[in-house]
Student: 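Supplied in structure tokens, the structure appears directly below.
None of these values were measured; they are calculated from a predicted model. Below, read A as the first sequence line, B as the second, and so on, with proteins coming before strands; counting in each chain starts at 1.
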Amino acid sequence: MNIIAVTACSTGIAETYMAAEVLERCARTRGHSIKVETQGALGIMDKLSSQDIASADIAILTNDIAINGDDRFKGIKTFHVSISDILESPQDIMSEINSEP
Amino acid sequence: MNSSASFNYTFPLPNGLHARPASFIEEAVKSYSDSITITNLRNNKEADACSVLSMIASDIALNDPILVKVTGDKAESTLNQFKVFLATEFLTCDEPLTVVEDKQQKPLPHMLRSEELQSLRGVSVSPGLARGIPLVLGEPRLTLNPETQEKAPVTEELARFDESRQHLKAQLEQQAEVSAGEEKAILKAHLSLLCDQKLISSVSEAVTNGASILSAVLKTQEHFVQVLESSSSEYLQERALDIRDLCYKLIVETYGEDSFEKTDTQLTTDTVCVASSLAPSQFLSLDRSFLKGLVLEAGGTTSHTVILARSFGIPVMVGVEGARTLAADGRQVIMDANLGLLISNPSESVTRFYDLEQNKQERLSKRREQYINQRAVTLDGYHVEVAANIASAEEAEVAFAQGAEGVGLFRTEMLYMDRIEPPCEEEQFEIYRKALTAANDKPVIIRTMDIGGDKPVDYFNIGTEENPFLGYRAVRLYPEYLNLFHTQLRAILRASHYGQCKIMVPMVATLAEAKWLREIFNNVIESLKVEGVEHNSDVQLGIMLEVPSCAFIIDQLVRYVDFFSIGSNDLTQYLLAADRGNSKVEHLYDSLNPAFLRLLKHVVTEAHKAGAWVGMCGEFAGNPEHLPILLGLGLDEVSLSAPRILEVKEAISQLTLEDSKAVLEQALNMETSEEVSELLQNACQKKEVMPILAEHSIIIHAECRTKAEVIKTLVDNLDVNGRVSDVLGAEEAIWEREAISPTMLGFGIAIPHCKSDSIAVNSISIMKLAEPILWNEGDQVMTDTVFMLTVRASEAGSVHMQIFAQLARRIMRGAFRDSLGACTSEQELLEFISGELEL
């Protein structure tokens with residue numbers, strides 16, 4: 001599966017990157033390909049290109065704070081999750097994604 | 001022939017007519033043969049200008065309408081004389097009172113907020129922490145009965161009163177003689193009350209009417225206390241204590257110590273004293289080795305007891321209503337005069353909080369302590385002497401204890417003020433010698449008298465000038481008052497034998513003045529030689545550089561003077577032609593104006609070219625933010641008020657000469673002082689010298705028992721290491737983030753963090769706990785490791801942010817966490833993390 005994701009948190013110092021790390025590791029162990037855009041204190045890093053978005057099967061967006069440019073993901077199956085869900089139970093999120101038809 | 005004259009007047013002094021200005025009036029009026037009454041038209045209270053007490057009782061406040069009435073032979077001329085007095089000297093006789101800046105209560109830190117405290121809030125007037133047993137002090141209770149007190153015939157009783165008064169007077173005078181500072185000032189105030197005509201006549205009249213001295217004194221006390229306490233001025237209300245104290249002393253003087261019950265105020269262990277209010281003599285009788293703090297229910301911030309306690313460095317809180325009741329059932333109290341909080345019977349966690357707090361305070365003062373005996377040196381090894389400005393010999397000792405490398409400015413005009421005749425050579429010699437002895441061979445620059453229009457002195461007949469700052473002052477007076485100048489030079493030169501003394505003359509504007517000064521200086525040395533009087537003939541003679549004309553003749557001035565000290569206040573005023581007391585033009589008075597900076601640059605360059613050294617002793621030198629400019633200029637010395645010295649020395653040790661030069665170069669080419677100001681702010685914030693992770697930010701085997709203790713310990717640690725600008729703000733920011741969602745990760749690691757303008761240096765702090773704790777209620781896993789990330793508010797996209805991001809990612813990797821768990825020392829942990837993050 002082709003997963004794209006955007007992470008962002010209130011201070012932009014820690015969780016944005018922790019969540020990105022977790023998503024990347026989890027997806028890869030399950031054999032998915034993934035690209036995560038981080039919107040934190042470093043600004044927007046690993047920005048998703050329109051090509052990335054076009055070829056994605058699924059988008060995971062964190063919902064702790066507003067995501068920059070969330071209108072980019074119209075038409076893609078999108079999961080809105082909280083950072084703490086990602087950090088605490090990433091496996092649940094992955095299972096949910098897998099169970100999607 | 002008796003005539004009378006009157007005029008209306010609006011009272012101009014902000015603190016009202018309290019004891020100090022009242023005694024000033026009394027002093028002036030004494031010399032008139034006519035009598036003067038002052039009526040406060042607001043309340044129609046009339047006062048005799050010969051009595052301090054009656055003037056105080058008239059309750060005159062700022063802007064009250066006053067009617068001044070003169071009766072006597074020369075009413076008209078006396079009136080005019082008095083008018084001039086009120087318009088000149090009187091205006092400057094009162095200093096502003098120390099106002100407690102922040103009467104609003106500071107919020108309690110998180111750890112205390114969550115506690116159920118037996119506590120009261122109050123206003124801190126002298127900061128500090130105190131712990132001990134509480135002791136409630138009461139007013140001394142009379143054992144004599146005023147109703148039945150035996151008395152002698154009226155004449156004998158009057159004589160006895162007079163005798164007691166004279167005894168007490170002699171006693172107070174003697175005490176004043178051997179005391180110093182605030183204590184002395186307070187004794188003098190009591191002396192003037194004791195000699196007050198109204199007080200004396202009130203007692204005498206009652207005695208004449210058949211009362212005993214005891215009941216006469218009590219009646220008089222009651223009268224004046226009532227008058228003062230009903231005053232609308234808080235300051236005057238507090239003078240009632242002084243009256244009580246004095247009457248107490250009078251009664252003891254007359255009837256002996258037994259006239260009051262013996263109260264057991266013997267302190268035997270660390271004690272926090274609690275009282276409704278406390279008289280100065282009661283306070284002074286307490287053993288200060290055990291007196292750790294003072295809590296008063298009365299709200300006044302200007303009572304003499306408060307002033308005394310502050311001068312001894314004892315923490316004081318006032319306005320703590322109910323404190324006596326709280327203390328009465330307290331076995332132990334903690335008084336936090338930083339927060340304005342009195343806690344009775346603290347719980348274990350509160351005690352632990354204050355253990356942490358005390359530990360931090362001690363580490364903080366220790367951090368700065370190292371600079372007390374260290375020279376101020378920049379990171380790249382450039383030394384600039386940091387000296388103190390003082391105005392009396394007593395201050396020298398305090399200044400050196402606070403880290404001064406010398407005295408850069410000993411103002412001597414205070415020696416000349418508030419007296420009828422100038423100080424003699426011997427008196428001055430002793431004072432200068434005292435300062436030089438305290439300096440222990442460190443340099444002391446004594447500035448010869450700077451007297452003139454704004455600092456009037458009776459025996460200098462200067463008169464009123466339209467523009468005193470451009471008028472007859474300082475060196476310009478010396479030719480007319482040559483004897484006085486000679487006397488001062490002789491006194492200084494004789495004292496120079498006892499240390500490293502330099503002489504500096506204010507307000508020199510021309511080469512002729514410098515030449516004249518050198519001549520006089522040489523003459524005085526010559527005559528000391530001839531007389532065989534001990535002195536040091538190598539004493540340097542310098543001038544204040546405060547008149548811009550001097551900047552252009554430095555090459556010529558050095559023929560006659562050895563050094564320059566820039567008086568930044570006057571130099572700014574004269575360069576920009578702006579009076580900073582005038583609100584319409586004060587914005588022009590600006591020492592960051594690039595024109596002023598260029599002048600400074602020119603002065604320092606020229607002086608160094610000519611082989612003379614240059615210092616600065618104005619307010620500009622006392623602001624740590626200006627340091628890049630001061631260092632960049634290449635000044636040899638800066639002189640500032642003593643309490644700022646350690647801060648400035650520490651700040652210098654974190655700057656480099658090279659960067660400072662670059663900052664100055666930029667500043668010189670800017671267009672406005674606002675640009676310069678912004679430049680300096682950024683320059684000071686650039687503390688990149690401190691690494692994001694250092695061994696001092698790692699704590700292993702921490703014995704914290706709660707999340708709150710962990711956070712306080714880590715934030716306090718940042719404070720001690722100079723990494724936060726506002727420790728409470730930083731702690732709050734961490735808690736605000738915690739409130740959004742817990743920062744505990746599932747595997748025993750918590751990462752509290754914040755981005756806040758209370759953070760001065762981006763930092764990673766790491767703590768490994770000796771015993772794991774529960775980070776949040778309901779956590780499934782205990783926390784044993786804490787990473788705290790603290791980031792400056794203005795930070796975005798920097799190298800540091802990449803490090804934080806990298807660290808955040810690493811924490812999520814099992815292998816990283818395993819290696820982390822294996823580290824057992826600070827050093828090991830530092831090496832591991834630095835390696836991982838490529839620091």
Side-chain angles (χ1 to χ4, degrees), chain A residues 3-30 32 34-48 60-69 80-95, chain B residues 692 730 733-747 749-757 759 762-765 775-776 778-781 786-817 837:
Chain A
I3 303 175
I4 53 171
V6 181
T7 58
C9 65
S10 59
T11 57
I13 304 167
E15 278 121 326
T16 299
Y17 305 100
M18 292 160 84
E21 179 77 16
V22 168
L23 286 177
E24 285 164 13
R25 291 181 156 253
C26 255
R28 282 181 196 136
T29 27
R30 291 182 172 237
H32 304 304
I34 185 164
K35 182 168 180 192
V36 185
E37 174 181 309
T38 52
Q39 300 185 358
L42 280 168
I44 295 179
M45 303 289 283
D46 301 317
K47 189 173 169 61
L48 297 170
I60 303 174
L61 307 181
T62 59
N63 60 7
D64 295 70
I65 60 165
I67 294 283
N68 223 310
H80 294 277
V81 295
S82 72
I83 294 235
S84 58
D85 283 344
I86 296 177
L87 296 182
E88 277 165 31
S89 39
Q91 304 302 342
D92 295 355
I93 295 174
M94 285 301 150
S95 309
Chain B
I692 190 165
I734 293 278
W735 282 106
E736 273 164 28
R737 171 62 195 85
E738 288 293 315
I740 296 174
S741 66
T743 57
M744 147 72 178
L745 306 167
F747 29 75
I749 295 182
I751 45 153
H753 56 275
C754 73
K755 193 171 172 193
S756 154
D757 50 16
I759 305 297
N762 292 329
S763 309
I764 298 171
S765 307
W775 193 252
N776 291 299
D779 278 355
Q780 304 293 313
V781 185
V786 180
F787 282 86
M788 187 171 82
L789 314 181
T790 38
V791 184
R792 294 201 306 223
S794 57
E795 214 65 31
S798 73
V799 179
H800 279 173
M801 293 319 305
Q802 287 182 27
I803 297 173
F804 285 119
Q806 265 185 54
L807 176 65
R809 282 177 176 270
R810 289 288 195 290
I811 291 173
M812 303 316 288
R813 297 179 190 166
F816 174 86
R817 295 199 296 269
L837 302 180

Student: Does any heavy atom of chain B fall under 4.5 Å from the side chain of A/A19, the backbone, both, or neither of them?
Tutor: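 Neither the backbone nor the side chain of A/A19 comes within 4.5 Å of chain B.
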
Student: Would you say the side chains of A/Q39 and A/T16 form a donor-acceptor pair under 3.5 Å?
Tutor: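 A/T16 and A/Q39 do not have a side-chain donor-acceptor pair below 3.5 Å.
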
Student: Side chains of A/L87 and A/V22: does their closest heavy-atom pair fall under 4.5 Å?
Tutor: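 Yes. Closest side-chain heavy atoms under 4.5 Å.
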
Student: Chain B heavy atoms under 4.5 Å from A/T38: which part of the residue, side chain, backbone, both or neither?
Tutor: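 Contact with chain B involves the side chain of A/T38 alone.
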
Student: Less than 4.5 Å to any heavy atom of chain A: does that hold for the side chain of B/R737, its backbone, both, or neither?
Tutor: side chain

Student: Heavy-atom distance under 4.5 Å to chain B: side chain of A/S10, backbone, both or neither?
Tutor: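 The answer is the side chain of A/S10.
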
Student: Working note: B/R809 + B/F816, criterion side-chain contact (heavy atoms from CB on, under 4.5 Å); need CA distance, chi angles, decisive distance, verdict.
Tutor: CA-CA 10 Å; B/R809 282 177 176 270; B/F816 174 86; over 6 Å; no

Student: Is the shortest side-chain heavy-atom distance between A/E15 and A/I86 below 4.5 Å?
Tutor: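 A side-chain contact is absent here, since even the closest heavy-atom pair is not under 4.5 Å.
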
